[in-house]
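Only one structure is covered here, and it is reproduced in the block below.
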There are 2 protein chains.
Amino acid sequence: MADIKAGASQLFLREEELRTGMELLFYAYREFTAEPDEILAQLGLGRAHHRVIYFVGRHPRITVSELLAILKITKQSLSRVLGELVRQGFVTQATGLRDRRQRLLELTEKGVELERKLSETQRQRIARAYRTAGAEAVQGFRKVMMGMLDDEDRAKFAPPGDVRAVGRR
Amino acid sequence: MADIKAGASQLFLREEELRTGMELLFYAYREFTAEPDEILAQLGLGRAHHRVIYFVGRHPRITVSELLAILKITKQSLSRVLGELVRQGFVTQATGLRDRRQRLLELTEKGVELERKLSETQRQRIARAYRTAGAEAVQGFRKVMMGMLDDEDRAKFAPPGDVRAVGRR
DNA sequence: CGGATTACGTCAACATGGCTGACATAAAGG
DNA sequence: CCTTTATGTCAGCCATGTTGACGTAATCCG
């Protein structure tokens, strides 16, 4: 046993296994974004708007710099979509109290409503996958996904109680 | 037990759990594509080229329609990137034998080399995640990811031996 | 055989969402 | 007071998706 043939076969299995992982990620991400994209299109918005709405909803009173750090896009790119969201009344900007240069972002009621609607389909998709896969599989899923992240992103998922988790002041 | 408080708490945990899943997908996908994107940029190519190179490499002698079915983009969009790849000698087109209307796509040696280089970083990232998470976790990962797919995409991962798996003629 | 369908390609125009570079203003901080 | 920081804005470029229209060659089918 453990001859050359077995080694080559193992290598093949490994390669195949890794490519399966790559493709799962590709297809899952595509389907994950497909439904919200349709809803957004009807409103004349795009995926970039969704990301902003999502993270502002997730971190109320987030500053522009913090949002930029999460999204990792330029302020010019953000400004375009954020500006539209503010003008259309999905997001409000409030001057920071401690630092008056900051614009603290928050969803309006209209914004919350849209956020709900958009992520509803995504939550359902994940819930369905979690349910059919089972609790143990979900643990494995999380472990593997965490392993794919860089340290910086991984830190965002620190256990609750760790105040520094989000990187807010 | 099982009073209202516990129910609300469970609901909160569930919501939090689902959002964690959403964010894992967002960050993982972004990091997954970041490294190839850099290499591609140096060659004046983009992510769309990578996808074509990947799937042509994965399915040698694939037809244009089959590739379109996998990528789910319009033929005009594909034509732009595929044309560049053919002109730059990464991909060859051969007239189909049974059906001479078909263009069977295949990677050249240069194409294979680039494909290797591009997916190398991705394979390493996945391999690392798989290794640290362990075999059991990988099973769970796959279960959950499969659960997120639509039936059509899920069918692509049918166990080997199923000839119809890829949907090739 | 001949008409319909299929596989593929191409031209043109448009939208989204990234990017760089330059410049401006107000507030904070040493 | 000078520097740095947080934010915004204008202008232009690029990649990659879209729709719509049209064309050619090969295949299929009645």
Side-chain angles (χ1 to χ4, degrees), chain A residues 26 29-30 33-34 36-54 56 61-87 91-105 167-169, chain B residues 26 29-30 33-34 36-53 56 61-88 91-105 167-169:
Chain A
F26 170 70
Y29 190 78
R30 184 173 65 188
T33 51
D37 280 357
E38 275 181 48
I39 300 172
L40 288 158
Q42 291 175 349
L43 296 171
L45 301 175
R47 197 178 293 180
H49 299 91
H50 186 185
R51 292 203 270 256
V52 170
I53 286 183
Y54 178 85
V56 170
R61 296 185 72 78
I62 190 175
T63 68
V64 172
S65 336
E66 287 162 354
L67 187 52
L68 284 173
I70 289 178
L71 297 175
K72 287 194 182 155
I73 59 176
T74 60
K75 62 175 176 174
Q76 293 92 327
S77 295
L78 173 59
S79 149
R80 198 158 35 198
V81 287
L82 180 55
E84 286 168 26
L85 291 174
V86 169
R87 255 175 273 121
V91 172
T92 55
Q93 299 173 305
T95 301
L97 291 180
R98 284 177 304 288
D99 187 336
R100 294 182 44 218
R101 289 170 304 180
Q102 297 179 335
R103 298 297 142 99
L104 307 183
L105 307 174
R168 313 278 305 272
R169 82 227 71 172
Chain B
F26 170 69
Y29 190 78
R30 184 174 64 188
T33 50
D37 280 357
E38 275 181 49
I39 300 173
L40 287 158
Q42 291 174 351
L43 296 172
L45 301 176
R47 200 178 291 180
H49 299 90
H50 187 188
R51 292 203 270 257
V52 170
I53 286 183
V56 170
R61 296 185 73 75
I62 191 177
T63 69
V64 172
S65 337
E66 287 162 352
L67 187 50
L68 283 174
I70 290 177
L71 296 175
K72 288 196 183 152
I73 58 176
T74 60
K75 62 176 175 173
Q76 293 91 329
S77 295
L78 173 59
S79 147
R80 198 159 34 199
V81 287
L82 180 55
E84 286 167 27
L85 291 175
V86 170
R87 256 175 274 121
Q88 295 183 31
V91 173
T92 54
Q93 298 174 306
T95 300
L97 291 180
R98 284 176 304 288
D99 187 337
R100 294 182 43 218
R101 289 170 303 181
Q102 296 180 334
R103 297 299 142 98
L104 307 183
L105 306 175
R168 313 279 304 274
R169 78 225 79 167

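To find a chain, count down the sequence lines: A is the first, B the second, and so on, and within it residues start at 1.
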Go through Leu104(A) and Gln93(A) one step at a time and tell me if the side-chain contact (heavy atoms from CB on, under 4.5 Å) criterion holds.
CA-CA 5 Å; Leu104(A) 307 183; Gln93(A) 299 173 305; over 6 Å; no
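The side chain of Thr74(A) places an N or O atom within less than 4.0 Å of a non-bridging phosphate oxygen (OP1 or OP2) of dC19(C). Gln93(B) has a side-chain polar atom (N or O) that falls below the 4.0 Å cut-off from OP1 or OP2 of dG9(C). For dG18(C), the OP1/OP2 oxygens have a side-chain nitrogen or oxygen of Arg51(A) closer than 4.0 Å. For the OP1/OP2 pair of dT16(C) and a distance below 4.0 Å, the side-chain nitrogens and oxygens of His49(A) include no atom meeting the criterion. In terms of phosphate contacts, Ser77(A) brings a side-chain nitrogen or oxygen within less than 4.0 Å of OP1 or OP2 of dC19(C).
Between the C1' atom of dT6(C) and the CD atom of Gln102(B) lies a distance of 10 Å, rounded to the nearest Å. Atom pair Leu85(A):CG and dG8(D):P shows a separation of 13 Å (rounding to whole Å applied). The interatomic distance linking Leu82(A) (CG) with dG17(C) (P) rounds to 14 Å, in whole Å. Note: CD1 (Ile53(A)) to P (dG17(C)) measures 12 Å, nearest angstrom. Residue Asp37(A) contributes atom CG, which lies 12 Å from atom C1' of dG17(C) at whole-angstrom precision. The distance from atom CZ of Arg30(A) to atom P of dT16(D) is 16 Å, rounded to the nearest whole Å. Here the P atom of nucleotide dT18(D) and the CG atom of Leu40(A) are 16 Å apart, to the nearest Å. One interatomic measurement links the two molecules: CG of Leu43(A) to C1' of dA15(C), which rounds to 16 Å at whole-angstrom precision.
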B/S/- along nucleotides 20-30 of chain D (protein heavy atoms under 4.0 Å) is BB----BS---
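Residues passing the ring-ring contact (aromatic ring centres under 6.0 Å, His included) test with Tyr29(B) are Tyr29(A), sequence neighbours excluded.
Residues Arg47(A) and Asp37(A) share a closest heavy-atom pair of NH2-OD2, 2.7 Å. The nearest pair of heavy atoms linking Arg30(B) to Ile70(A) is NH1-O, 2.9 Å. Shortest non-hydrogen contact noted between Val81(A) and His49(A) is CG1-NE2, 3.5 Å.
Closest approach to the Arg47(B) side chain among dC19(C), dG8(D), dT16(D) is made by dT16(D) (side chain taken as heavy atoms from C-beta onward).
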